[in-house]
Protein chains: 2
Amino acid sequence: MSQNTKENILNATYILIAEQGIQKASFAQIAKAVGISKPSIYYYFESKDDLIRELFDYFCKEIQFNNYFRIEDFTAENFVDKLVNIGVQMIQDQKQDPYFDNVMKEFLSLAARDKYYHDHLLEIQSFYLKGFVELLLKASSLSLITEEAIEEKAHILALVLDNIGNLIMENETINYKGIWITVVKLVFSKGDLSE
Amino acid sequence: MSQNTKENILNATYILIAEQGIQKASFAQIAKAVGISKPSIYYYFESKDDLIRELFDYFCKEIQFNNYFRIEDFTAENFVDKLVNIGVQMIQDQKQDPYFDNVMKEFLSLAARDKYYHDHLLEIQSFYLKGFVELLLKASSLSLITEEAIEEKAHILALVLDNIGNLIMENETINYKGIWITVVKLVFSKGDLSE
DNA sequence: GTCTATAGGCTGATAGAC
DNA sequence: GTCTATCAGCCTATAGAC
């Protein structure tokens with residue numbers, strides 16, 4: 001049952017972090033949720049920090065830019081559609097996991113005070129910013145978009161996609177999909193940005 | 001010294017929350033930072049929850065939409081410039097307070113589990129979303145912008161402005177001002193959004 | 001691998017003197 | 001208003017039996 005118990009601990013911790021925050025998610029509660037005794041957790045994890053960190057490492061792998069966007073798949077024919085669809089898919093993926101938003105907020109708050117978490121989240125965010133720049137440069141090379149303010153446009157896409165998930169708003173009140181479609185269209189519109 | 005001590009407690013708590021998070025910002029640390037004894041805090045605040053909540057209430061007042069945007073001040077002549085300038089001002093205000101981002105993250109994580117915090121932050125966010133819609137409707141009535149996807153455009157502005165502050169990125173690496181100017185220009189560009 | 005028992009520290013909070 | 005002394009409760013973590 002070894003591998004199973006370890007997974008059960010990680011799953012229970014994930015849910016408890018979402019529901020109560022990292023600090024209040026104690027070994028006592030985790031053990032109770034899994035159905036084992038408190039010290040048994042120490043067989044699998046050296047410390048609470050170790051447990052949280054392993055959960056975080058797994059979490060980080062799930063949200064990489066490259067998991068969603070493969071730049072080589074974008075062509076002149078499918079570019080805007082593909083961009084819209086992947087964004088919609090990301091938003092739906094995250095909304096489908098009811099714990100994701102809260103866990104993310106916990107890790108963000110931890111990152112504010114702990115270099116390990118800060119550096120890893122910074123790297124992920126950096127990949128998104130750079131990834132969107134690379135994507136728009138490809139769009140430019142395919143003559144789908146002007147080169148004007150291309151870095152800013154890429155960062156706008158990254159900011160909007162990132163923050164749609166962070167909204168406190170209930171899903172019914174706000175048109176996530178419409179917002180994403182509109183921002184993509186704006187970035188790809190032929191309009192002139194000069195005053 | 002009554003009023004002064006209370007303010008000192010609130011200020012010390014604000015900084016400690018930013019540096020260590022709400023849970024680790026204990027009465028022992030707050031008392032030490034202020035230079036008083038632990039039980040003295042109870043003369044001013046019924047409980048730790050009470051102290052955090054009072055800090056939060058003050059925090060909320062500072063970040064209201066109406067503190068920054070007064071719709072009646074926007075005219076056909078100054079509209080885009082004013083929108084750009086206020087956004088830049090907001091970003092600079094928040095960057096100038098080194099504790100603001102971290103405290104915000106703490107309250108966001110608390111809001112995930114506590115109805116009081118959730119409801120108040122939701123109301124503030126709701127005001128921003130509605131406020132930008134109102135603002136763009138005025139722009140539309142002034143013929144500065146088409147009515148097309150006006151709600152989505154307003155929400156894009158709100159999302160970008162909100163998230164610029166949440167970026168983990170260092171200030172030098174990312175062109176906050178340029179991003180805001182570009183998204184405002186995109187929203188106000190005459191381009192056609194249809195396929 | 002999993003358990004019981006327990007150590008030692010920090011927490012929020014109270015009693016009561018001045 | 002501010003203090004010292006103190007409490008019960010929870011926390012992470014360890015010792016050691018099975």
Side-chain angles (χ1 to χ4, degrees), chain A residues 1-57 102-103 106-107 109-110 112-117, chain B residues 1-58 102-103 106-107 109-117:
Chain A
M1 286 272 192
S2 150
Q3 197 51 37
N4 216 328
T5 301
K6 185 168 183 179
E7 256 176 49
N8 290 342
I9 292 169
L10 285 166
N11 285 333
T13 305
Y14 184 75
I15 295 172
L16 278 166
I17 284 180
E19 289 174 345
Q20 315 210 39
I22 290 173
Q23 295 250 8
K24 282 195 177 172
S26 65
F27 272 28
Q29 287 184 77
I30 296 166
K32 194 181 167 189
V34 176
I36 56 175
S37 73
K38 226 171 27 165
S40 292
I41 302 173
Y42 287 92
Y43 181 78
Y44 299 99
F45 302 96
E46 276 187 12
S47 64
K48 186 177 177 183
D49 280 355
D50 186 48
L51 166 54
I52 301 295
R53 198 170 290 201
E54 193 157 328
L55 197 65
F56 175 71
D57 289 343
N102 288 4
V103 172
E106 285 301 308
F107 285 139
S109 117
L110 193 51
R113 314 182 295 272
D114 186 305
K115 190 167 157 46
Y116 181 84
Y117 295 88
Chain B
M1 288 274 190
S2 149
Q3 198 52 39
N4 217 327
T5 302
K6 186 168 184 179
E7 255 175 51
N8 290 342
I9 293 169
L10 285 167
N11 286 334
T13 305
Y14 184 75
I15 295 172
L16 278 167
I17 283 179
E19 289 175 346
Q20 316 209 37
I22 290 174
Q23 296 249 8
K24 281 195 178 171
S26 67
F27 272 27
Q29 288 185 77
I30 296 167
K32 193 181 168 190
V34 177
I36 57 176
S37 72
K38 217 166 45 159
S40 292
I41 302 173
Y42 287 92
Y43 181 79
Y44 299 98
F45 302 95
E46 277 189 9
S47 64
K48 188 177 175 183
D49 279 356
D50 187 47
L51 166 56
I52 300 296
R53 199 171 292 201
E54 193 157 328
L55 196 66
F56 175 70
D57 290 344
Y58 176 78
N102 289 3
V103 173
E106 285 301 308
F107 285 140
S109 116
L110 194 50
R113 313 182 297 269
D114 186 304
K115 190 168 155 46
Y116 181 85
Y117 295 87

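If you're wondering where the values come from, they're calculated on a predicted model, not measured in any experiment.
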(message) Taking only side-chain N and O atoms of B:Thr5, does any of them lie within less than 4.0 angstrom of OP1 or OP2 on D:dT2?
(response) yes
(message) Expressed as a whole number of angstroms, how long is the span from B:Ile9:CD1 to D:dG1:P?
(response) 12 Å
(request) Return the value, rounded to whole Å, for the distance between atom CD1 of A:Ile41 and atom P of D:dT12. (result) 9 Å
(message) Please give me every residue in residues 25-38 of chain A whose heavy atoms get under 4.0 Å of an atom in DNA chain C, ordered by residue number.
(response) A:Ile36, A:Ser37
(request) Round to the nearest Å and state the distance from A:Asn8 atom CG to C:dT2 atom C1'. (result) 14 Å
(message) Output the rounded distance in Å from NZ (B:Lys24) to P (D:dC11).
(response) 15 Å
(request) Round to the nearest Å and state the distance from A:Asn4 atom CG to C:dT2 atom C1'. (result) 15 Å
(request) State whether B:Arg113 and A:Glu106 are salt-bridged, where the test is any N-O pair (Lys NZ or Arg NE/NH1/NH2 against Asp/Glu carboxylate O) under 4.0 Å. (result) yes
(message) Side chain of B:Tyr44, heavy atoms from C-beta onward: which of C:dT14, D:dG1, C:dA13 has the nearest atom to it?
(response) D:dG1
(request) Among the candidates C:dG1, C:dA13, D:dT14, find the nucleotide nearest to the side-chain atoms of A:Tyr43. (result) C:dG1
(message) Less than 4.0 angstrom between a side-chain N/O of B:Tyr42 and OP1 or OP2 of D:dT2, yes or no?
(response) no
(message) Taking the cut-offs as 6.0 angstrom to the six-membered ring centre and 45 degrees off its axis, would you call A:Lys6 and A:Phe45 a cation-pi pair?
(response) yes
(request) Just compare C:dA13, D:dG1, D:dA5 and give me whichever is closest to any side-chain atom of B:Lys48. (result) C:dA13
(request) State which residues pass side-chain hydrogen bond (donor to acceptor under 3.5 Å, both in side chains) with A:Tyr14; sequence neighbours excluded, sorted by chain then number. (result) A:Asp97
(message) Donor-acceptor check, side chain of A:Lys48 to backbone of A:Ala25, threshold 3.5 angstrom: yes or no?
(response) yes
(request) Using the closest heavy atom to pick a nucleotide of DNA chain D for each, name whichever of A:Glu46 or B:Ser40 lands nearer the 5' end. (result) B:Ser40
(message) Output the rounded distance in Å from NZ (B:Lys6) to C1' (D:dT2).
(response) 17 Å
(request) If the plane angle is over 60° it's perpendicular, under 30° parallel, otherwise tilted; pick one for A:Tyr117 and A:Phe107. (result) parallel
(request) Please say whether more than 12 non-hydrogen atoms of neighbouring residues, nucleotides or ligands are located less than 6.0 Å from OH in B:Tyr58. (result) no
(request) List in chain and number order the residues that pass side-chain contact (heavy atoms from CB on, under 4.5 Å) with A:Tyr42, two or more places apart in sequence or in another chain; answer none if no residue qualifies. (result) A:Phe27
(request) Starting from C1' on C:dT11, measure out to CD1 on B:Ile22 and report it in whole angstrom. (result) 16 Å
